[in-house]
Amino acid sequence: MDWDALSERVLAGVPATREEALAVLGSGEDDLLPLLQAAFRVRSHYWGRGVRIHVLRNAKSGICSENCSFCSQASSAYSGIDHYKMQSVEELVEGARQAHARKAVKYCMVTATRGPSAPQLEVICEAVKRIKAEIPIQICTSLGLLLDGQAEQLAAAGVDRFNHNLETSERFYPEVCQTHTYQDRMKTLQAAKAAGMETCCGGIMGMGETNEDRVALAFALAALGSESIPVNFLDPRPGTPLEKVARMSPSDALRCLAMFRFVNPKSEVRAAGGREVVLRHLQPLALYPANSIFS
């Protein structure tokens, strides 16, 4: 396939087709560097050469009722991680100060939960108000499924972006989680957008899904209009149902990033969870298609 021609079409306003996206994922080793260079043309056109750093703050760890098979904080996991309840407003504000000092453009507060309780939401909203008054940094929250009215509360407090990953295709999703549905996640994302927040939505590569599932996710995100797409790579966690799944190869991970860039050319594409252990020595090449990393 002519990767330069693909990048030219994408830059002309014609995102990759499903067939082209599958061709990206199925390309050979000799194609990898030309493919990444073509993806870089699109990335640099919309995002330049800079790297946007997003800092995550785990505001509540473990004790989650959901059974997501990849997650060491899930109810079904026996991973030995630290469990702690919701951090205080001051702890969350201090995390934002540290993120700003490290030149992060976004600070994301994450909780392990099905969705935020009223007291938890109150803490998050108060922290956001204080951060916005003190620190020039954008705020993202990742709090699980939202109930009616909660998206509006977050937006009113000053949250810029809401993270809620679809994780995989609608077809494969029941293999990943059974305690809530793909449509539950879509409903939360739609509520976040309706409240005026941007959406940060991506998935995890390497859970046993097919290339068709990965392409289906990329096109679902395009239809959603997700402004930010974190591409995670499964690092199998001990004590989870996926602990024995083999990590994907570095070159396959890079192909995934390139595919998401061609299908969602204007979105922020992030090399996210698992990037160090999966990409290994090829990690710098992730910044050809991706313009952002998590820290």
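Each residue takes its place number in the sequence, starting with 1.
Take Arg18 and apply the salt bridge (charged side-chain N to carboxylate O under 4.0 Å, His left out) test, not counting sequence neighbours, and it matches no residue. Lys106 is linked by a side chain to side chain contact (heavy atoms under 4.5 Å, CB included) to Arg52, His54, Gln138, Arg161, counting only residues two or more places apart in sequence or in another chain. Qualifying salt bridge (charged side-chain N to carboxylate O under 4.0 Å, His left out) partners for Arg57, counting only residues two or more places apart in sequence or in other chains: none. With sequence neighbours left out, Glu126 forms a salt bridge (charged side-chain N to carboxylate O under 4.0 Å, His left out) with no residue at all. Scanning for side chain to side chain donor-acceptor pair (under 3.5 Å) contacts around His180 gives Glu66, Tyr173, Arg185, with sequence neighbours left out. Remark: Glu91 pairs with Ser88 by the side chain to side chain donor-acceptor pair (under 3.5 Å) rule, at least two apart or across chains. With sequence neighbours excluded, the residues forming a side chain to side chain contact (heavy atoms under 4.5 Å, CB included) with Ala192 are Phe162, Met197, Thr199, listed by chain and number. When the side chain to side chain donor-acceptor pair (under 3.5 Å) test is applied to Gln190, no partner is found at least two apart in sequence or on another chain.
Residue pairs that meet the salt bridge (Lys or Arg N to Asp or Glu O under 4.0 Å) test with at least one member in residues 133-148, sequence neighbours left out, are Arg97-Glu134. Sorted pairs that involve residues 284-295 and meet salt bridge (Lys or Arg N to Asp or Glu O under 4.0 Å), not counting sequence neighbours, are lacking altogether. For residues 281-295, the pairs satisfying side chain to side chain donor-acceptor pair (under 3.5 Å) are Arg261-Asn291, Arg270-Ser292, Arg275-Gln283, with sequence neighbours left out.
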Could you pull out every donor-acceptor pair under 3.5 Å between side chains of residues 24-38 and any protein atom, sequence neighbours left out?
unit_1: Ser27; atom_1: OG; unit_2: Val24; atom_2: O; d: 2.8
unit_1: Ser27; atom_1: OG; unit_2: Arg255; atom_2: NE; d: 3.3
unit_1: Glu29; atom_1: OE2; unit_2: Ser251; atom_2: OG; d: 3.1
unit_1: Glu29; atom_1: OE2; unit_2: Arg255; atom_2: NH2; d: 2.7
unit_1: Asp31; atom_1: OD1; unit_2: Trp3; atom_2: NE1; d: 3.4

